[in-house]
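Any value given below was found using the heavy atoms of this structure, including those in side chains, with hydrogens, waters and symmetry copies removed.
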Number of protein chains: 2
Amino acid sequence: MRLVIARCSVTYEGRLNAFLPIADRLLMVKADGCVAIHADGGAYKPLNWMNAPNRLEEDAKRWIVSNTKGETLTIDIEEILSDLTVELGDDPGLTKDGVEAHLQELLAAHPGEIEPDLELVRREYPTDIGPVDLLCRDTDGTAVAIEIKRRGEIDGVEQLTRYLARLELDPMLRPIRGVFVAQQIKPQARVLAESRGIGWVEVDYDALRGIESDELKLF
Amino acid sequence: MRLVIARCSVTYEGRLNAFLPIADRLLMVKADGCVAIHADGGAYKPLNWMNAPNRLEEDAKRWIVSNTKGETLTIDIEEILSDLTVELGDDPGLTKDGVEAHLQELLAAHPGEIEPDLELVRREYPTDIGPVDLLCRDTDGTAVAIEIKRRGEIDGVEQLTRYLARLELDPMLRPIRGVFVAQQIKPQARVLAESRGIGWVEVDYDALRGIESDELKLF
DNA sequence: AGGTGTATGTCGCAT
DNA sequence: ATGCGACGTACACCT
């Protein structure tokens, strides 16, 4: 990794055009060749950047970074204040422990928390446009497709709508209805779901975890 | 801005839990207090970060960054390889050109570039699931909803479809048709639009800007 | 503060 | 390569 502090101006031409007037900034060049230009604020996103793979042409006054997609980042350097290169080596990488996968597990184990007496048929029930999170049957024997999200927004309703259209073609499942499940569902998503005859349920992640741990205590 | 190269391990607890085993990394602390941990690859996104506002407690072995939302980033430092602090000052900021907002302005001023004699009724026409970019009337007096994107992809057609379904419920607007406008429209988006009876138009941003500047020359 | 749409989104995974 | 969904999305803008 190379870290250069320089007084520079920058032009990006690609997906849009952008220009940075002259100022002191950090130029970060990583081992994979990607370049990022940081100011002293504004969260982790750089002012300007160019992702790998790219080509870096460098002389004393100007760096030109370009890629095969026709994007170009031009850095005009007036003065270099610091120039540090370090070898970091490969990173072992990040391990994550998320909530959303766990939410699906919990609801698969307790579909009755979505609707009383709902019974699970299968998790990740396949369709030709992707798997439905949960396929269930209600007390009438009607098929119910469940889409689970951590946060319920319009996109999730669209997704469930597409699945329902596919599942409706299966005579074994028809007629099928859908329920959109999330920890919190935005008003617009509710409106859209209701306008399509799709049910929606907000579930409490902590309460579900509580049910789970209560059951564990029985053993 | 402070740039520390250190052999460290990192734990994040917040919206999810994440852990980074020990390795050499860049720790970047900006003037606004935000902290980012970078490996030597992987585009501009850091492995881990904490945005401002937050609190940084620092001793020789451990940095603890926490915010009021209950998120915590803990950096255990085994060895510091480099520690550089520089004053960059305020950045004059980025000027952008070619984003959707500007395209919408230009087309609102020149709806005839979408279709001859199209007339603007209102920009950002509200519906209960969000605003339509432009609402227009054609020469027949038929309402036309316009969705504008920089790049025309399927989700833009989906968005316009949702708006049309809502607007169709309004007797003052019914029957309404839609036109999807972008600088470039992907073949799949064209097919989807056509299959739904939605028109699509590619517009030339530079040409639109040309019209604008020609008009300015008249004064 | 909360809601909604945009992004040079980025990233990963499947086809 | 392209499409699609998730993201600790971040971010600006509006109510």
Side-chain angles (χ1 to χ4, degrees), chain A residues 10-19 34-37 42-52 54 65 67-73 93-94 96-101 104 126 128-131 133 147-156 158-160 162-163 184-192, chain B residues 11-18 34 36-37 41-52 67-73 94 96-104 124 126-133 147-151 153-156 158-159 162-163 186-189 192:
Chain A
V10 185
T11 303
Y12 165 77
E13 290 178 334
R15 283 172 276 186
L16 55 64
N17 296 329
F19 176 69
C34 71
V35 179
I37 297 150
Y44 67 69
K45 193 176 180 180
L47 293 164
N48 246 323
W49 68 93
M50 184 80 90
N51 283 347
N54 61 40
V65 192
N67 67 15
T68 54
K69 283 176 272 184
E71 296 172 278
T72 309
L73 187 70
L94 187 69
K96 289 183 183 180
D97 178 14
V99 169
E100 48 302 309
Q104 192 191 113
D128 54 3
I129 55 166
D133 286 339
E147 177 65 33
I148 301 167
K149 290 270 182 265
R150 194 164 49 80
R151 288 173 312 173
E153 294 174 28
I154 278 178
D155 290 357
E158 293 286 11
Q159 202 177 335
L160 179 53
R162 289 196 295 275
Y163 292 144
Q184 198 171 34
I185 300 181
K186 296 274 172 83
Q188 289 191 343
R190 295 180 190 187
V191 169
L192 185 63
Chain B
T11 303
Y12 164 77
E13 291 177 333
R15 280 173 278 187
L16 56 64
N17 296 330
C34 72
I37 298 152
Y44 69 68
K45 194 175 180 180
L47 294 163
N48 249 322
W49 68 92
M50 186 76 93
N51 284 347
N67 67 16
T68 53
K69 283 177 272 184
E71 297 172 278
T72 308
L73 187 70
L94 187 68
K96 290 182 182 184
D97 190 10
V99 291
E100 188 194 310
H102 194 200
L103 194 57
Q104 192 192 112
E124 301 286 349
T127 78
D128 55 2
I129 56 166
V132 183
D133 286 339
E147 176 65 33
I148 300 165
K149 288 275 184 255
R150 196 163 43 76
R151 289 177 306 172
E153 294 172 28
I154 278 178
D155 56 349
E158 294 286 10
Q159 199 178 342
R162 288 195 297 272
Y163 292 145
K186 293 265 173 89
Q188 289 192 344
L192 184 63

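Among the nucleotides D/dT9, D/dG8, C/dT8, the one closest to the side chain of B/N48 is D/dG8. Relative to the side chain of A/K45, the nucleotides D/dC11, D/dA6, D/dC4 differ in distance, and D/dC11 lies closest. Candidate nucleotides D/dC11, C/dT10, C/dT8 were compared by shortest atom distance to the side chain of A/A43, and D/dC11 ranks first. Each of C/dA7, C/dG3, D/dA10 was ranked by its minimum atom distance to the side chain of A/K186; first place goes to C/dG3. Side-chain proximity of A/L16 to D/dC7, C/dA7, C/dT8: nearest is C/dT8. Here the nucleotide nearest the side chain of B/L94, chosen from C/dT6, D/dG5, C/dT8, is C/dT8. Out of C/dT10, D/dC11, D/dT9, the shortest distance to the side chain of A/N51 is found at C/dT10. Looking at the side chain of B/V99, the nearest of the listed nucleotides C/dA7, C/dG9, C/dC11 is C/dA7. The side chain of B/Q188 lies closest to D/dC4 when the candidates are D/dC4, D/dG8, D/dA6. Counting only heavy atoms from C-beta on, A/R15 has its side chain closest to C/dT8 among C/dT8, C/dT6, D/dA6.
Judged purely by distance below 3.5 Å, without hydrogens or angles, the side chains of B/E13 and B/N17 never pair a donor atom with an acceptor atom. Side-chain contact of A/E71 with A/Y12: a donor-acceptor pair under 3.5 Å is present, judged by distance alone.
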- Task: Could you go through the salt bridge (charged side-chain N to carboxylate O under 4.0 Å, His left out) check for A/K186 and A/E153 one step at a time?
- Result: CA-CA 6 Å; A/K186 296 274 172 83; A/E153 294 174 28; 3.7 Å; yes

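If you check every strand for non-hydrogen atoms under 4.0 Å, B/R151 touches sugar and phosphate atoms only. Contacts of B/Y44 with the nucleic acid, taken as non-hydrogen atoms under 4.0 Å apart, involve only primed sugar atoms and P, OP1 or OP2. Among the protein residues, B/Y163 comes within range of the sugar-phosphate backbone only, with heavy atoms under 4.0 Å from sugar or phosphate atoms but none that close to a base. Within the 4.0 angstrom heavy-atom criterion, only backbone atoms of the sugar-phosphate kind lie near B/G130; the bases stay farther away. A/E153 comes within 4.0 angstrom of nothing in the nucleic acid, heavy atoms only.
For the P atom pair drawn from D/dC11 and C/dC11, the interatomic distance equals 15 Å after rounding to whole Å. Atom P of C/dT8 sits at a distance of 22 Å from the matching atom of C/dT4, rounded to the whole Å. Across the C1' atoms, D/dA6 and C/dA7 are found 15 Å apart, a figure rounded to whole Å. One P atom belongs to D/dG8, the other to C/dG5, and the distance between them is 22 Å to the nearest Å.
At whole-Å resolution of the value, CD in B/E71 and C1' in D/dG8 are 6 Å apart. Rounded to whole Å, atom C1' of C/dG5 lies 16 Å from atom CD of B/E158. The separation between A/N17 atom CG and C/dT8 atom P is 12 Å, rounded to whole Å. To the nearest angstrom, C1' of D/dC7 lies 12 Å from OH of B/Y12. With rounding to whole Å, B/K69 atom NZ is found 14 Å from D/dG8 atom P. Between the NZ atom of B/K96 and the P atom of D/dA12 there is a distance of 9 Å, rounded to whole Å. In this entry the distance linking CG of B/D155 with P of D/dT2 reads 16 Å, nearest Å. Protein atom CD of B/E124 is 14 Å distant from nucleotide atom C1' of D/dT15, rounded to whole Å.
Looking at A/L73 and A/V10, their side chains come closer than 4.5 Å, going by heavy atoms from C-beta outward.
Residues B/M50 and A/R162 both approach DNA chain D. Their nearest nucleotides, taken by heavy-atom distance, put A/R162 toward the 5′ side. Residues B/R150 and B/E100 each lie close to DNA chain C; by heavy-atom proximity, the contact nearer the 5' end of the strand is made by B/E100. Annotation: of the two residues near DNA chain C, A/L47 and A/A189, the 5′-most nearest-nucleotide partner is A/A189.
Between C/dG9 and A/W49, no contact under 4.0 Å exists linking OP1 or OP2 to a side-chain N or O. Taking 4.0 angstrom as the limit, A/Q159 places a side-chain polar atom (N or O) nearer than this to OP1 or OP2 of D/dA6.
With hydrogens and angles ignored, the 3.5 Å screen pairs no side-chain donor or acceptor of B/Y44 with any backbone N or O of A/K45. B/N48 contributes no side-chain N or O that, together with a main-chain N or O of B/I37, makes up a donor-acceptor pair within less than 3.5 Å. Side-chain atoms of A/N67 come within 3.5 Å of backbone N or O of A/G70 as a donor-acceptor pair.
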